[in-house]
Protein chains: 2
Amino acid sequence: MEDIEAEGRLLDAAEVLFYGHGVQAVGMDRIRAASGVSLKRLYQCFASKEELVEAYLRRRDRRWRGALATRVAAEQSAADRPLAVFDWLEEWFGEPDFRGCAFLNAFGEMGAGSAAVADAVRDHKAEVRGYLLGLVRDAGAADPEALADQLAVIVDGAITTAAVTGAPGAAGRARSAAAVVLAAAGVTGGNTEGRERSRGKRNRATG
Amino acid sequence: MEDIEAEGRLLDAAEVLFYGHGVQAVGMDRIRAASGVSLKRLYQCFASKEELVEAYLRRRDRRWRGALATRVAAEQSAADRPLAVFDWLEEWFGEPDFRGCAFLNAFGEMGAGSAAVADAVRDHKAEVRGYLLGLVRDAGAADPEALADQLAVIVDGAITTAAVTGAPGAAGRARSAAAVVLAAAGVTGGNTEGRERSRGKRNRATG
DNA sequence: TATCGTAGAGAACGAACGTTCTCTCCGCTA
DNA sequence: TAGCGGAGAGAACGTTCGTTCTCTACGATA
């Protein structure tokens, strides 16, 4: 098995297990078993559990933001894109293995004990906030920086609320709050009201 | 040492250690050392670590909501109280040992593995949401249920953002978002705008 | 003073942790 | 075919975990 393949399998196993059960609840041996990679090779790829955790977070960050951006970019009007974030969130919340924000979970567990993990989490949140900033800037918001801050707060609140309640409905409630702050900043898309969106297809092309 | 005193010292130690370092990162022996309660007595009070964690969360829930309610009740006008929540949050975020939401942290760590902990977290979030509902109802909001949902999302987002960034400024940004959704629901207090509040004393009595 | 119940200190238990080491086997070269 | 390097399997290391047990000391009662 090549190094690059082993690394991928290790990160795949780490993502499923760390995200699903928490970092501290999953031992290295369990990752070895799930990945099929020998323990020796595991420690050749990642010198410690902390390194593996950090790598897991950084890869998840890229994938997560990539999936979000892909979904949002499908929205044709720049003014509609900020709210499309919450449509994507709702889809994500509905997935059976959804268990909240991997980064916040890891931060709560290891943020106080591992600077590397804390940095990865901070970087992720900063990237997301930067992405939202670009969206509202393109949508012509009055004060993009302030609006991005507000949306970032609402997004995090939506994720944690959905995780605890176990219901994807938090996305819709967050979406309605986001619609209000967007409207207040002068961003009015084609479906600012939201909420009844789930009754059928969007009125704009989504494909 | 009486049972009731031992229990209090155990919960005090558990709160500082579990909240500060995470639940899994703190062993029972460390709690014994910090509390001065013997291990035997510890297991007489709490039959397992899980029970201690749940008791820690439930006591913290009562205290946390009590402190919040005390601070908010000092606001004379019912219309100003919802935003006062965020003033209290900012004070909390500025405390040196602030490390995010104890309940979300515990949920991320043990929510998948302990039903008792998950229940305690859900109960806390439901209580907070119910408290917010009462506030906006008293303030005469148009749709109190929907508004309470929105505020609950913003509160959770504020806490997690403040925890990750390590700066209390998230409270102000959440406050401004909350002010917008409150205004949209017809709740207009004496200082809805917020934001410049931090430049000096509030214009209403705070004592 | 002799006895008893209880409490604290901390040793001890088995399991699991992160990490390293040993052993064996296989594919390559001379 | 003999020898070598690297890889996988998994035993083993030392530590720490949650939990239980042992031993000693002490205060109350007769």
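Keep in mind that what you see is a predicted model, and the values were worked out from it rather than measured. Residue numbers start from 1 in every chain, and the chains themselves are labelled A, B, ... in the order their sequence lines are given, proteins ahead of strands. For the numbers below, each heavy atom of this structure counts, side chains included, while hydrogens, waters and symmetry mates do not.
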Which residue is it: B/Met28, B/Glu51, B/Arg32? I am looking for the one with a side chain to side chain contact (heavy atoms under 4.5 Å, CB included) to B/Tyr43. B/Met28

Let me know the distance between CD1 of B/Ile31 and P of D/dT19, rounded to the nearest Å. 11 Å

Length of the line joining B/Asp29:CG and C/dA11:P, which is rounded to integer Å: 11 Å

Check the pair A/Leu10, A/Tyr56 against side-chain contact (heavy atoms from CB on, under 4.5 Å), reporting the backbone distance first and the verdict last. CA-CA 9 Å; A/Leu10 286 167; A/Tyr56 141 64; over 6 Å; no

Consider the side chain of B/Arg41, meaning its heavy atoms from C-beta on, and name the nucleotide among C/dG8, D/dA7, C/dG10 that approaches it most closely. C/dG8

Using whole Å, report how far CG of A/Leu39 lies from P of D/dG6. 20 Å

Would you say A/His21 and A/Arg30 make side-chain contact, with heavy atoms under 4.5 Å? yes

Measure from the side-chain heavy atoms of A/Ser38 and tell me the nearest of D/dA9, D/dA7, D/dG10. D/dA9

Identify the two heavy atoms, one from B/Gly100 and one from B/Tyr19, that lie closest to each other, and give their separation to 0.1 Å. O-OH, 2.7 Å

Checking D/dA11, D/dT19, C/dG18 against the side chain of A/Tyr43 (C-beta onward), the nearest is C/dG18

Closest nucleotide among C/dC17, D/dT20, D/dG10 to the A/Lys49 side chain: C/dC17

Closest to side chain of A/Lys40, choosing from C/dA7, D/dA9, C/dG18: D/dA9

